[in-house]
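All values below come from the heavy atoms of this structure, side chains included, with hydrogens, waters and symmetry mates left out. All figures in this text were calculated on a predicted structure; none of them were measured in a lab. Both counts, for ligands and for their atoms, begin at 1 and track the order of listing.
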Amino acid sequence: MNDQKQMPLYEALEKHNSLDAVSMHVPGHKHGQLFSTLSSTAFQQIGAYDQTEITGLDDLYAPSTVIMEAESLAASYYRSFATLFLVGGSTVGNLAAILASFQEGDKVLVQRDVHKSVLNGLELARVHPVFLAPVIEKETGLSLGVKAEEVEKACKETPGLDGIIVTSPSYYGVSKEIKEIVQAAKKYGLKIIVDEAHGAHFTSSNAYPPSALEAGADIVVHSAHKTLPALTMGAWLHVSEHSQVTVEECRNALAMVQSSSPSYLIMASLDIARAYLASLENEDGWQLKKMMERRQEAIAKKTGIQFIRPATGEMDPLKWVIRSPKGLNGWQFQAALEKERVYPELGDFSYVLFIWSLHSSSEETERVIEAIERVVKREEGRQAEVEPLESIIYPSVSELALTYQELGKAAKVTVEANEAVGEIAAAPVTPYPPGIPLIQKGERITATSLKLLKEWKRRGGHVQGFERDCVLIVSASC
Ligand SMILES: Cc1ncc(COP(=O)(O)O)c(C=O)c1O
């Protein structure tokens, strides 16, 4: 079956709903009827699709009918060997990919600025990570990911490597050298996992950066919900044709980290998202890209606001990294936009990040443009530049001071930041969003990272694992 207009899982739900069946099974809202008294009718309507694994609706962990067909259509669209539906976001995709690929003690090259789900996966699998520093572009402060050349060098110089995990594109939409990275790692027979959470739409047009799937990574993880019309937590784990990791290994790992009652609402939305994506033409991508460029030019001309692009590498047209107007940091700019009822994805020291969809209405665009104009006008009088922050220079290759096993057994204590310099972190410290730990669990804490985290908080950012400016460390560390 390869008619990409079909949505077998979604259609099976519709068919079941048309039966007017009596639910003598979970969930307890009974086709949404029990939502009616306390909540809006929209909840009641959507509840009808929140089904469970009853006759006719298949089984996510041993699919043989509609879920199998829906997953096959997704695999056929993405040209993967198999595509598995995820109901816990790329978070569970990353966890399962790592658990399926590696054994305790395996040595894995890992891009230093990966999402926290990758780091949690490494710890769960008890592997030995060897971190590779990303290139941070001096002019923009954007991470360009790891260089293929550095991957090649690390492969040559690190004996006993089993795999590599990289993120591409970054949260901010930057992709660079993913094909070359995959090729370099392949030469050394490594298992290759790519967290492509933000690139689920890349295959729809060559106007977007290339996907790691084409490059032949063993496993690629996509958050469908980030850029496609899928419900939050809807994601895919793709296993490529010549993958060294089997589909069964991935499915078994997923059964360990996901609910045994997967959401049919989320799964059906994945079916819908794939059909939507498949309906797009290559040309649609180019048109969208041109339209985004025109919009940016028009806003820049009107307001003087700057759109940030890395000097090298490719930028996803759906991501806008906007420099805050003079006198505002990214969080203040974010708050000012929110007052205008425009909610960005995030703010940081200097920027706000917008994520567009593959189809945005002109009304929406107008509202965004007007909001930016109003904010810029309001803030015009400000003179002070926002002081830039010192960026952290990571060693090009680094390892944890203690293994995850040693960390698990060690005694821990919470201390104030100034007592933590030189100590081993017993928990990650993570600016959120974007959810990339600045201090890794198991590494020695530096004064620079603490200073940066304090500034992050002082200027309005949120940090996990740094409550009251305290960190959890290994006590009496060596
Ligand atoms: C690079 C990256 N990987 C993985 C994730 C986790 O994705 P999800 O929210 O789908 O669980 C995120 C979330 O922001 C992310 O930015």
Side-chain angles (χ1 to χ4, degrees), residues 74 83-99 110-124 129 131-132 134 142-146 164-176 178 181 192-202 209 211-213 217 219-238 253-254 257-259 262-263 265-267 269-270 273-274 313 315-316 318-319 321 343-348 351-355 357 428 430-438 440 461-464:
T83 290
L84 309 186
F85 278 17
L86 310 178
V87 291
S90 285
T91 296
V92 289
N94 286 334
L95 295 180
I98 295 169
L99 288 168
V110 185
Q111 179 176 330
R112 176 69 174 69
D113 57 342
V114 283
H115 185 255
K116 58 185 181 166
S117 56
V118 171
L119 299 159
N120 289 335
L122 298 174
E123 185 176 351
L124 280 177
F131 292 106
L132 282 183
L142 293 178
S143 169
L144 306 180
V146 289
I164 178 167
I165 307 173
V166 293
T167 305
S168 178
S170 70
Y171 203 142
Y172 289 79
V174 182
S175 287
K176 197 167 183 285
I178 189 62
I181 291 169
I192 306 164
I193 299 174
V194 180
D195 175 1
E196 203 171 80
H198 292 269
H201 56 296
F202 282 6
S211 165
L213 271 166
I219 298 178
V220 175
V221 177
H222 279 155
S223 284
H225 70 95
K226 292 196 191 294
T227 51
L228 305 180
L231 290 181
T232 296
M233 292 200 283
W236 290 297
L237 183 151
H238 307 281
L254 276 171
V257 293
Q258 289 201 123
S259 170
S263 160
L265 266 174
I266 295 175
M267 291 193 288
S269 81
L270 287 171
R274 185 265 317 145
M315 188 81 185
D316 179 359
L318 298 188
K319 298 279 173 84
V321 181
Y343 280 71
E345 169 70 10
L346 60 80
D348 69 14
Y351 307 133
V352 296
L353 173 66
F354 282 4
I355 305 186
S357 66
T430 313
Y432 191 88
I436 298 166
L438 209 71
Q440 309 266 23
H462 174 68
V463 182
Q464 296 172 338

Side chains of [X] and [Y], heavy atoms from C-beta outward: is any pair under 4.5 Å?
X: Ile181; Y: Val146; result: yes
X: Leu318; Y: His201; result: yes
X: Leu119; Y: Gln440; result: yes

Considering distance alone, does some N or O of [X] sit under 3.5 Å from an N or O of ligand 1?
X: Thr91; result: yes
X: His225; result: yes
X: Ser223; result: yes

When you check the side-chain N and O atoms of Ser90 and Ser223, is any donor under 3.5 Å from an acceptor?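 The answer is yes; a qualifying pair exists.
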Is there a donor-acceptor pair under 3.5 Å between the side chain of Lys319 and the backbone N or O of Tyr171?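 At least one qualifying donor-acceptor pair exists.
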Under 3.5 Å, side chain of Glu345 to main-chain N/O of Leu353, donor-acceptor pair present?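 Such a contact is absent between Glu345 side chain and Leu353 backbone.
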Suppose I only count heavy atoms of Thr167 and a 4.0 Å limit; which atoms of ligand 1 are within that range?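 Under 4.0 Å from Thr167, ligand 1 has these atoms: 1 (C).
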Would you mind listing which atoms of ligand 1 come within a distance below 4.0 Å of any non-hydrogen atom of Ala197?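 In order of numbering, the contacting atoms are 2 (C), 3 (N), 4 (C).
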[atom] [closest protein heavy-atom partner, distance rounded to 0.1 Å]:
atom: atom 16 (O) of ligand 1; answer: His198 NE2, 2.8 Å
atom: atom 2 (C) of ligand 1; answer: Asp195 OD2, 3.4 Å
atom: atom 13 (C) of ligand 1; answer: Lys226 NZ, 3.0 Å
atom: atom 8 (P) of ligand 1; answer: Ser90 N, 3.4 Å

Looking only at heavy atoms, what is the nearest atom pair of Ile266 and Gly234, with distance?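 Closest pair (atom of Ile266, atom of Gly234, distance): CG2-CA, 3.4 Å.
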Is the closest heavy atom of Met233 to ligand 1 under 4.0 Å?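 Outside the 4.0 Å threshold, so no.
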